[in-house]
Each structure stands twice: as structure tokens, then as C-alpha cells.
Amino acid sequence: MRTVDLAKSSRRDLNAALHEVQHNTNETYWRVENPAGQHALAVGLDAPVTVEIAGHVGYYCAGMNQQATVVIEGNAGVGVAENMMSGKVHVKGDASQSAGATAHGGLLVIEGNAAARCGISMKGIDIVVKGSIGPMSAFMAQSGTLVVLGDAGDALGDSIYETRIFVRGKVASLGADCIEKEMRDEHVLALREILRAAGAPDSVKAEEFRRYGSARQLYNFHVDNASAY
Amino acid sequence: MDIENIPQTLPRQSATFDAYTLSEIRRAAATGIYDIRGAGAKRKLPHFDDLLFLGASVSRYPLEGYREKCATDVVLGTRFAKKPIHLKIPVTIAGMSFGSLSAQAKEALGRGASAAGTSTTTGDGGMTPEERGQSQTLVYQYLPSRYGMNPDDLRKADAIEVVIGQGAKPGGGGMLLGQKISDRVAQMRNLPKGIDQRSACRHPDWTGPDDLEIKIEELREITDWEKPIYVKVGATRPYYDVALAVKAGADVVVLDGMQGGTAATQEVFIEHVGIPTLAAIRPAVQALQDLGMHRKVQLIVSGGIRNGADVAKALALGADAVAIGTAALVALGDNDPALEEEYRKLGTTAGAYDDWQEGLDPAGITTQDPILSARLDPVAAGRRLANYLAVLTLEAQTIARACGKSHLHNLEPEDLVALTIESAAMARVPLAGTSWIPGMTGNF
């Protein structure tokens, strides 16, 4: 195990050291002490390592992650795991706005709540929020899956493309072109798999969720839809 | 009175309701949809043509045209980046997307720019292998949509341009209509084929200059502080926007006036939002000077650059480099009169074709149609662009030498006068033959 104490080392030292890790490294377990809410920690990783961060982090933690597993033992600021390509990011506390924004792949798990715009413009990532999510989540979400064990705020899935949304609790309101869809067996099976990967308790059943997605009515501009744009 | 023989006045067309305006009202009434088109503002605007250089005479002496050196190189990204960009000429190729342009056009831009020793720029759609392969120096745009954005391409880039806006539509997002979403474009953007692709007008994970500072830090951390980071803004409030971009940590600011082109947006947006390039430069330079950052944070100006005189004038007003988009497409073969018959079939004429969003470009540039795209030979088109870039440079050098300058960057506002009161006020140079800079100095 390699430990980096951010009370003694700089963020630059940490990220530079993580970038030097090779794909076949034996140094696969890192621990980061005293993060103190710093921004851009463990960003741009591209190796199969596990990085545990012992505390709260600021903006963009694990941004553009590839392959790595990043565990945040606290709360995360804006844009955690933004544009992640692969790997896993696990937030033990709550997450601020734009969690998982534009991410293309990998799994983001948030044990607590996520604020507004969770999964905005997501492009293939799977996001599991065990608490609730704020308004305008999955705005212009393109693909991937957003799973919410709690409730969702206003305008869920506004202008959504092909992302699948599963919510177990209440949805305050749906955004433009987002509708509730039938929960078929294939969706239950796929959701069960994501819940398992996210470590959801057995008491959470895929059958309890409702599915939301695009009505595909705004895919091509038409003047009669002008009020929806 | 002989009523039958009263002289008649000639039919009088309205200046307010001119022929174009009437045609637009009829089009709107028939369709109920605003007009979408490509390119930049087409209306007559105060521009570089309204400025003149004061060649050397008794009070200053010139450099010998063919004997004495007039350097043209520029270094971009000297503030923070470990690896600044060194270009041979101060004319870069502006960001234009694969999607709005064919792969052949993107390759041609890379070839032409590389031959001339300058950079080209990706657009809202990610980086193509053709473009990276043919571009010696490639700037990777970081846009609100983040289409195709990935860390591998980020690391392959020579610089990163955070796009906040563009001159054709400051404050607006983008729209690539379904007919241009081919299989490849759809795959790169992670969207179904054939749907209208909307690009957001704001970034999804930051808002405002304080957040931008943190975002730039993240991009630097991901790329180990190697690459220059540009911030591109559409010209509206250039003094404040440039100052805030500098505060946020930009290495380079790209300032795009309203003549700067777009792949597609509403006509009303293009013609009525933003300010002319000429009006934007001096406030931007003033912001840099007030912060003590002029020449430390480089300024790239774009929007309506057409010839070496425009290049020289932009540099004299304080820019470090310029960027061209529309002119580069024309150099590749866009709007060529040789294709007039085909433009007529599309209801337009060579020189006026701007329905780039429809993907029917007979020149094979603003299209994803495989048959039309194949018309553009990237090698020959790249050669034309390189030739054109060489002419821009030679022309700018010609003017600079006449003003006694051994480097294009030695041109200064004192080398310029204005032909109109408007351009004098905007460029903050005297009206020709006077010492009057409206709003600033002297008397008429």
C-alpha cells in the first residue's frame, strides 16, 4: 500500500504519481490522507489501481477516470467522476451537483444523496444513487443508466435521449420529452445486475422501481413542439 | 388637367422592408420555423476595411521588402503550460467540427495548416484520427456538449480550448440537424443516427468564472500541466470576459467577433447578437493591459479575417494571432463559382450558399454524404489552404515592413488611422487626417 498525505504533499505530487503508474503495476492500492476538500484529486487516472481518499473532496474528484477504482470516504463536490470512461467511483457520503456529468462508462455509486443535475449529459455511465437526487437530473442524458433508490427532484430527464432512468421513490416532475415507461422483464434483469454491482442491500428489489426514458418526440425539430424546447 | 397623362412616380422599394426582409417574412409565414443557416453575420459592419496603415515616410523609415527580415512566428501558452506552442505564422485555423464538416475537409484543414506551420482545431464532435494524423499542431476543443470528449484524445492534443461561446452565437448552443448525423458522427457523439443533435449553451459541470478556474485546474492536472489552455469567448463584453478568463487561469484567450462563422444556428441570432470583431479587440487588449498580462496571456482574434491586411490590422490593435474559419473553407473550395449550376439547384448562388446544416454541399465540405464528400481531394484542398495561408503571411509582412517593423508583433495602434468615425471609436485610432479618437482624445 502506498500512502500520500496531502497535509505534507501537494495535489500535483499525488496526481503526477498516480499518472506514472503503469498498467501492469503491483502498486495497486493507494491511500490518500487529509484531502481537506481539495479539488481535482485523483483525476485522469488510467491504471487498474484502487485509491481510497480518507475524507471530503472538492470539485471533479476522479474526473475522466479510466480503469481505476476511487473510493471517497466522505462527501464529494461538484462533478465527481465527470466524463469517467471506465472503472468505478464510490462516494460514501453525499455528492454535489453534476455528479457523473458527461461520463461515457464505468460505475458511479453514491451512498448518500446527489444534488441537482446528477448524470447531466451522461453518455454511457451507470450511476446508482442510494439516497435521492436533485432537480434537472439526467438533463440531455444520452445513454447509460441512472438508478435512484430514493426520490428525484423536478424536471427529471429533461430533453433526454437514450438513457434509462429507474427511480424507486417519488419523482417530483418529469422534464420535456421524458415519460414513464413499462418495466419489462429485461429491465428488471438489467437493473438487478446494476444494483448488485453497486452493492445495494438484498432488501432493495428491482421490481420496486419505475422506469423513465425518452418519448422521442423532440428528436427532430417540429414547430408544433416549439413550446417544449 | 389631363388625368390620363399625369406623370407616374417610379415603383419605390422600401429600405426598411427590403427584398430580403420581405422574403423572410414570407418564408416564416409559410413554415412557422425560424431560419437556420451557417456562416457568420452577413450585414455590413464596421470592419478592418475601415482602417488604413500609415506607411513609413520622413518621420519613420521602412524595411527593405525583399532583404530585411520581418518575422512572423508566435508562441502561445507561455503563462503556465510546460509545452507552449510555437507557430511559424500568426494565423491559425479556427475550431470546426467533424460532423459539420466532412472527414475530407477536416483532413485538408490539417494538411494545409501543417504545411504552413500553424495549428488547426477540433470542434463539437471530438477528434478524428484523420485530423490528428494530418495536424502537426492540434488544439482540442472542450465544449459544453462534450461530444467525443475523452482523456486519451485530451492527452494527444497540443493545446486545449475551453469553448464558452463563439461570435456567431454568443450565449447559444448548437444544433446539428439529423440529416448530417451519419453512422460515424452518431457513434462519435453517442447518439442515435438521424436525430437532431442539440449542443448545450452552458457547460454541464461548471457555472461562472470561479468554477472555470477550478475546471482549468482539473484539465491541467489531468494533462500534467503540459498543454496550453485557451478560453474562447464570443465577442459581447470583451473587457470583462477577457479579464475573467485571465483570472480563471487561461494561457490564451480566443475572441470571436460576430462575423465568425457557425455550422448552423438561427439567422436572427447570427445577425443580432454579439459585436463586430473590430469593436471587440481594443477592450480585450485593454483588459490584458490593465492586468499587466498583455503578451503574457496571448490573444487570438477571429471573425472576418480575409487577407493579410486584416491580419496586420488585428495584430496592430494588440492581438498575438488570428484565426480563420470561413476563409479557410473558401480556400478549400467552398462556394466556388465553378459549382454554380449545382448551387442554383439548391436555390442559391455561389458566394451565398450557407445552408450548411442541410448537408448537401456540392463542394463536399459541409456534408456527411459519402458521394459529395468524396469530391473534395484532401491533398489538393490542403495545398490550396497552405497557399492561401502563405499569401496572408506575405501580405501582412509587406505591410509591416512598410511600417518599419521587423516582426508582425511590432505593429501597433499608432500605425493605423480610421476612415469613419465609427471605426475610429471602435478601434481607438484617429480619424484619418485628424488627431481625433472619438470618445478619447483630440478635437475634430
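By convention in this document, chain letters (A, B, ...) are assigned in the order of the sequence lines, proteins followed by strands, and residues within each chain are numbered from 1.
Per-residue heavy-atom pair counts under 4.5 Å with chain B were compared for R11(A), R12(A), Q66(A), H104(A), and the maximum is reached by R12(A). No other option in K123(A), Q97(A), R216(A) has as many heavy-atom pairs under 4.5 Å with chain B as K123(A). Annotation: maximal heavy-atom pairing with chain A below 4.5 Å, among D152(B), L154(B), T223(B), occurs at D152(B).
Side-chain contact between H39(A) and E218(B): absent, with no pair of heavy atoms (C-beta onward) separated by less than 4.5 Å. Annotation: side chain of Y59(A) is not in contact with side chain of W206(B) (no heavy-atom distance under 4.5 Å). Between D224(B) and H19(A), some side-chain heavy-atom pair lies under the 4.5 Å cut-off. Looking at heavy atoms from C-beta onward, Y161(A) lies in side-chain contact with I195(B) at the 4.5 angstrom threshold. Using a 4.5 Å heavy-atom threshold, the side chains of E217(B) and Q38(A) count as separate.
Residues R155(B) and G44(A) share a closest heavy-atom pair of NH2-O, 2.9 Å. Smallest separation of non-hydrogen atoms from S98(A) and P204(B): OG-O, 2.7 Å.
Both the backbone and the side chain of V43(A) have a heavy atom closer than 4.5 Å to some heavy atom of chain B. Both the backbone and the side chain of M64(A) come within contact range of chain B, each with at least one heavy atom under 4.5 Å from a heavy atom of that chain. P192(B) touches chain A through its side chain: at least one heavy atom from C-beta onward sits under 4.5 Å away, while N, CA, C and O do not.
Judged by distance alone, the side chains of N15(A) and E221(B) do bring a donor and an acceptor atom under 3.5 Å apart.
Counting heavy-atom neighbours within 6.0 Å of K296(B) NZ, excluding the residue itself, gives a total of 12 or less.
Of the inter-residue distances, the one linking Y60(A) atom OH with I222(B) atom CD1 reads 10.5 Å to the nearest 0.5 angstrom.
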Could you go through the side chain to side chain contact (heavy atoms under 4.5 Å, CB included) check for M149(B) and T102(A) one step at a time? CA-CA 9 Å; M149(B) 171 53 56; T102(A) 78; 5.9 Å; no
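A salt bridge does not link R117(A) with D205(B): none of the charged nitrogens is closer than 4.0 Å to a carboxylate oxygen.
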